[in-house]
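Note sheet for the following structure.
Order of the sequence lines sets the chain letters (A, B, ...), proteins ahead of strands, with each chain counted from 1.
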Protein chains: 2
Amino acid sequence: MYSFTEENYLKTIYHLSQQKHLENVTTNAIADLLQTKAASVTDMLKKLADKKLILYVKYQGVNLTEKGFKVAIGTVRKHRLWEVFLFDKLKFGWEEVHEVAEQLEHIQSDYLIDKLDTFLNYPSVDPHGDPIPGKDGTIKSQTLTLLIDCKKNAQVVISGVKEHSVAFLQRLNEMELCLGKKLKIHEINEFDRCMIVMIDKEAKILVSNEVAKNILVSEA
Amino acid sequence: MYSFTEENYLKTIYHLSQQKHLENVTTNAIADLLQTKAASVTDMLKKLADKKLILYVKYQGVNLTEKGFKVAIGTVRKHRLWEVFLFDKLKFGWEEVHEVAEQLEHIQSDYLIDKLDTFLNYPSVDPHGDPIPGKDGTIKSQTLTLLIDCKKNAQVVISGVKEHSVAFLQRLNEMELCLGKKLKIHEINEFDRCMIVMIDKEAKILVSNEVAKNILVSEA
DNA sequence: AACTATTTTTAGGCTTGTCTAAAAATAGTC
DNA sequence: GACTATTTTTAGACAAGCCTAAAAATAGTT
Ligand SMILES: [Mn+2]
Ligand SMILES: [Mn+2]
Ligand SMILES: [Mn+2]
Ligand SMILES: [Mn+2]
């Protein structure tokens with residue numbers, strides 16, 4: 001139905017409009033995220049607008065139409081289901097799943113995705129804690145807190161990450177921090193806001209504020 | 001490394017050179033199988049020859065080089081592993097797996113294929129009984145007999161199919177014939193060579209010669 | 001060997017998605 | 001309001017793959 005490239009543009013526009021709430025998505029922002037040139041983006045925006053997938057006003061940025069939103073959210077759904085498959089079944093690390101999912105998300109077969117969803121037992125979040133949109137396009141908005149904003153003695157569970165880079169996720173691997181780990185904040189340093197955190201009621205570790213800024217938690 | 005299209009051409013040349021033993025593969029044969037035009041094939045053959053993936057002599061057809069063979073066999077490996085995944089894990093019918101595997105075979109990640117192979121427990125054949133090439137590019141040649149060539153009272157196991165069309169595979173589904181079924185040939189009609197066959201020592205069914213011509217069996 | 005039918009290649013063109021360089025529009029500053 | 005910096009669009013080009021129509025080569029027949 002839609003090409004590899006069209007799906008990628010729509011998904012990118014979706015992610016950007018989520019990030020920077022309600023504003024129009026700009027040409028340069030899309031070019032940055034897709035690692036392409038602004039001129040190429042302008043070309044594609046015209047084509048997507050012709051197909052009624054986006055609302056595009058020259059020089060004013062773009063927004064997804066209902067139709068474009070459905071394609072975007074469908075692509076996100078496919079991406080995240082594949083990530084779950086790679087992580088749960090094939091035992092990929094959470095820092096490894098994204099790259100391959102970028103390819104798998106473009107396989108065209110609704111039947112396949114239904115079967116995959118069933119096989120994975122209808123997961124609600126991906127290996128990074130991001131919600132998986134339903135078949136109908138609905139998506140649960142998360143109400144998570146940043147670890148850095150938690151108070152002393154708070155007891156929380158790691159439920160997501162704000163940063164998705166391989167380097168950051170590997171850093172968390174080294175610290176044995178992953179989704180589902182229960183933390184208790186033992187101490188917060190006043191000077192640099194680094195934290196001493198107790199994991200699973202066992203080890204105490206030091207979490208830099210740079211790391212704590214990118215970990216999402218919910219109440220334990 | 002190699003594009004979707006390049007992999008498809010090389011795989012097609014491989015299949016054709018398997019079929020019609022040792023002869024050069026012709027432009028029209030490739031065009032037929034790929035559902036494209038002969039002129040397009042000629043264009044691509046020049047490009048593949050430039051990349052040393054095939055030996056191409058104008059008007060004389062083509063052959064895979066060592067390098068091209070490796071790409072082709074690798075693509076076949078990916079295709080068949082994905083078919084096993086779809087059949088075993090996602091519970092696709094054996095008539096449904098091919099279409100989706102045609103897409104999945106082009107996902108580029110050796111790491112993924114290794115993990116998938118492990119997850120599937122190193123299968124040696126795909127859902128149609130075709131052998132899965134090893135990581136090193138070796139492939140076991142099959143020594144199977146056509147059901148139609150079996151003698152009266154022979155006891156055999158269904159181990160493959162010669163015809164891969166959806167219609168044929170569905171026909172076998174209706175007859176409850178699938179890989180692994182044990183058959184005993186009860187009677188062969190002299191006039192039309194249709195067979196009366198006993199399945200799993202239970203039901204007796206009639207197998208037309210048209211069907212028997214396309215079932216591959218090994219000794220029970 | 002000549003003629004014919006078939007196969008294959010060439011020539012020229014189209015679409016998708018990309019690029020660079022230049023022009024136009026917008027935003028920011030005095 | 002004019003000037004400047006930044007963003008965005010246009011113009012023109014290119015590669016990958018595909019097409020049709022015409023030309024060239026090959027194969028088959030007498
Ligand atoms: Mn991802
Ligand atoms: Mn994710
Ligand atoms: Mn197949
Ligand atoms: Mn198969």
Side-chain angles (χ1 to χ4, degrees), chain A residues 1-13 16-17 19-20 22-64 68 71-72 75 102-103 105-108, chain B residues 1-13 16-17 19-20 22-64 68 71-72 75 102-103 105-108:
Chain A
M1 195 70 180
Y2 295 99
S3 75
F4 192 101
T5 314
E6 286 169 330
E7 284 188 333
N8 275 341
Y9 271 91
L10 294 170
K11 195 184 61 163
T12 299
I13 295 166
L16 287 168
S17 59
Q19 231 173 79
K20 319 202 164 176
L22 28 112
E23 286 178 64
N24 281 353
V25 175
T26 67
T27 303
N28 267 355
I30 297 169
D32 266 20
L33 223 76
L34 282 176
Q35 311 223 69
T36 184
K37 302 295 166 177
S40 309
V41 174
T42 302
D43 283 348
M44 181 57 68
L45 294 183
K46 284 189 230 164
K47 291 172 195 167
L48 294 174
D50 286 349
K51 296 186 182 179
K52 314 281 184 201
L53 292 162
I54 59 172
L55 296 172
Y56 170 51
V57 183
K58 265 189 201 172
Y59 296 101
Q60 304 303 310
V62 294
N63 274 120
L64 293 173
V71 178
T75 307
E102 282 292 297
Q103 293 183 61
E105 71 187 4
H106 302 293
I107 302 291
Q108 294 184 331
Chain B
M1 195 67 181
Y2 297 98
S3 75
F4 192 101
T5 314
E6 287 169 330
E7 284 187 334
N8 275 342
Y9 271 91
L10 294 170
K11 194 184 61 161
T12 299
I13 294 166
L16 287 168
S17 61
Q19 233 175 74
K20 320 202 164 176
L22 29 112
E23 285 178 65
N24 281 354
V25 176
T26 67
T27 303
N28 267 356
I30 298 168
D32 266 21
L33 224 76
L34 281 176
Q35 311 224 68
T36 185
K37 303 294 165 179
S40 308
V41 174
T42 302
D43 282 349
M44 182 58 69
L45 293 183
K46 283 189 231 163
K47 290 173 196 166
L48 294 175
D50 285 349
K51 295 185 182 178
K52 313 280 185 202
L53 292 162
I54 58 172
L55 296 172
Y56 170 50
V57 183
K58 265 189 202 176
Y59 296 101
Q60 304 304 308
V62 295
N63 275 120
L64 292 174
V71 177
T75 307
E102 282 293 298
Q103 293 184 62
E105 71 187 4
H106 303 293
I107 302 292
Q108 293 184 331

Rounding to an integer number of Å, can you tell me how far [X] [atom1] sits from [N] [atom2]?
X      : N      : atom1 : atom2 : result
A:L45  : C:dT16 : CG    : C1'   : 15 Å
B:H106 : D:dA16 : NE2   : C1'   : 16 Å
A:D32  : D:dT6  : CG    : P     : 15 Å
B:N8   : D:dA16 : CG    : C1'   : 14 Å
A:K46  : C:dG17 : NZ    : C1'   : 13 Å
B:N24  : C:dT8  : CG    : C1'   : 14 Å
A:L48  : D:dT9  : CG    : P     : 13 Å
B:E7   : D:dG17 : CD    : P     : 11 Å

Pairs of donor and acceptor atoms involving the side chains of residues 26-37 of chain A, under 3.5 Å and at least two apart or interchain, shall be tabulated with distances.
residue, atom, partner, partner atom, Å
A:T26, OG1, A:A29, N, 3.3

Between the protein and nucleotides 22-25 of chain C, which nitrogen or oxygen pairs come in under 3.5 angstrom?
residue, atom, partner, partner atom, Å
C:dA25, O4', A:Y59, OH, 3.4

Between A:Y56 and A:A49, which heavy-atom pair has the shortest distance, and what is it?
-> CB-CB, 3.9 Å

Please identify each residue that fulfils side-chain hydrogen bond (donor to acceptor under 3.5 Å, both in side chains) with A:E102, with sequence neighbours left out.
-> A:K11, A:H79, A:H98

Would you indicate what B:F4 reaches in the nucleic acid, counting non-hydrogen atoms under 4.0 angstrom: base, sugar-phosphate, or nothing?
-> nothing

Options C:dG17, C:dT18, C:dT8, nucleotide nearest the side-chain atoms of A:Y9 | C:dT18

Between atom CD1 of B:I54 and atom CG of B:L48, what is the distance when rounded to the nearest 0.5 Å?
-> 4.5 Å

One should read off an interatomic distance between A:T42 OG1 and A:M44 CE, to the nearest 0.5 angstrom, of 11.5 Å

Looking at B:S3, does any N or O in its side chain come under 4.0 Å of the phosphate oxygens OP1/OP2 on D:dA16?
-> no

D:dT8 phosphate, OP1 or OP2, under 4.0 Å from A:N28 side-chain N/O = yes

Would you say that [X] contacts [Y] through its side chain, given a criterion of any heavy-atom pair below 4.5 Å between the two side chains?
X      : Y      : result
B:I13  : B:L45  : yes
A:I107 : B:I107 : yes
A:T75  : A:L10  : no

Distance-only donor-acceptor hits, side chain of residues 1-9 of chain B, under 3.5 Å, sequence neighbours excluded:
residue, atom, partner, partner atom, Å
B:S3, OG, B:T5, N, 3.4
B:S3, OG, B:E6, N, 3.0
B:E6, OE1, B:S3, N, 2.9
B:E6, OE2, B:K51, NZ, 2.4
B:E7, OE1, B:H106, ND1, 2.7
B:E7, OE2, B:K78, NZ, 2.9
B:N8, OD1, B:H106, NE2, 3.0

Of residues 34-44 of chain B, the positions that come close to DNA chain C - non-hydrogen atoms, cut-off under 4.0 Å = B:A38, B:A39, B:T42

